[in-house]
Amino acid sequence: VDLLQTQCSSDFDEKTRFFMESIYNCSSKLNEQLDINQALTELTCGEPHREKTRLDFLANEVVTELQQKHPDRELEYKIQPWLNEWCDQKMLRLIIYNLFSNAIDFIPASRKGHIELGMFSRHNQKVFFVRDNGTGYSDAQAKRLFDAFQDNSLDAELPKDTITLANARRVINRHNGQIWAEGVEGAGGTVFFTCNTPE
């Protein structure tokens, strides 16, 4: 389909081009769904390998990686020091990477981005959060962010790719924790998560 579009589209009439574009869009969506299925099954099966982990160390590693990936973006990161948790180190690194990537998606390219990783205590439980100064989202939109198969193509304010947050939710479920998002339209958003340590 790609080959036909690039090399032969100028030879097609309007009706043929319409059908070709429809076929192309359908095949693209199928490929996206296959990528989602593969990504969701690539996470390690079984119980997390819990160990005492410095999340701030993991976050600084992720920041270095994202700075190389987005050299043209003006992004400022604030990482709270001494963020400790009893968790699977590889899985939590994936979460931080996915949440930071999601935050970048919500920040317009023309805006200087601010992304923060922090923690507070609630009812003797650690609650971690990733906050950004992006476009934000409504309560209804926040509920759709963690659905890997959600089609956001009709909602210009949401990222088209929800696989990062879907993977984050799956990892948190493995840790018997919770993950949720809160935002204000036009004023940024925050994703919160917990990792329940077994007794």
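Everything quoted here is computed from the prediction, not taken from an experiment.
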Here the pair of heavy atoms bringing Q68 nearest to P71 is O-CD, 3.5 Å

How close do L145 and A181 get, counting heavy atoms only, and between which atoms? CD1-CB, 4.0 Å

Is there a path from I79 to L75 through hydrophobic residues (I, L, V, M, F, W, Y) whose side chains come within less than 4.5 Å of each other? yes

Same apolar cluster: L83 and V63, side chain cutoff 4.5 Å: yes

Between [atom1] of [X] and [atom2] of [Y], what distance do you get to the nearest 0.5 Å?
{"X": "N167", "Y": "N102", "atom1": "CG", "atom2": "CG", "value": "12.0 Å"}
{"X": "F193", "Y": "R169", "atom1": "CZ", "atom2": "CZ", "value": "16.0 Å"}
{"X": "Y77", "Y": "L117", "atom1": "OH", "atom2": "CG", "value": "12.0 Å"}
{"X": "R131", "Y": "L99", "atom1": "CZ", "atom2": "CG", "value": "13.0 Å"}
{"X": "W180", "Y": "I172", "atom1": "CH2", "atom2": "CD1", "value": "9.5 Å"}
{"X": "R50", "Y": "L92", "atom1": "CZ", "atom2": "CG", "value": "9.0 Å"}

When you look at R54 and W82, which way does the side chain to side chain contact (heavy atoms under 4.5 Å, CB included) test go after all the steps? CA-CA 7 Å; R54 287 283 299 271; W82 298 102; 2.9 Å; yes

Please check this pair: side chain of [X] against backbone of [Y], looking for a donor-acceptor N/O pair closer than 3.5 Å.
{"X": "T53", "Y": "E51", "value": "yes"}
{"X": "R93", "Y": "L58", "value": "no"}
{"X": "H175", "Y": "D88", "value": "yes"}
{"X": "N98", "Y": "L165", "value": "no"}

Side-chain donor-acceptor pairs of residues 119-129 under 3.5 Å, sequence neighbours excluded:
unit_1	atom_1	unit_2	atom_2	d
Q125	NE2	N196	OD1	2.3
K126	NZ	N84	O	2.6

With a 4.5 Å heavy-atom cut-off, do [X] and [Y] have their side chains touching?
{"X": "E185", "Y": "Y137", "result": "no"}
{"X": "L66", "Y": "I104", "result": "yes"}
{"X": "I95", "Y": "M91", "result": "no"}
{"X": "C87", "Y": "L55", "result": "yes"}

Return all side-chain donor-acceptor pairs below 3.5 angstrom for residues 106-114, not counting sequence neighbours, or 'none' if the list is empty.
unit_1	atom_1	unit_2	atom_2	d
R111	NH1	N133	O	2.7
R111	NH1	G134	O	3.2
H114	ND1	E76	OE1	2.9

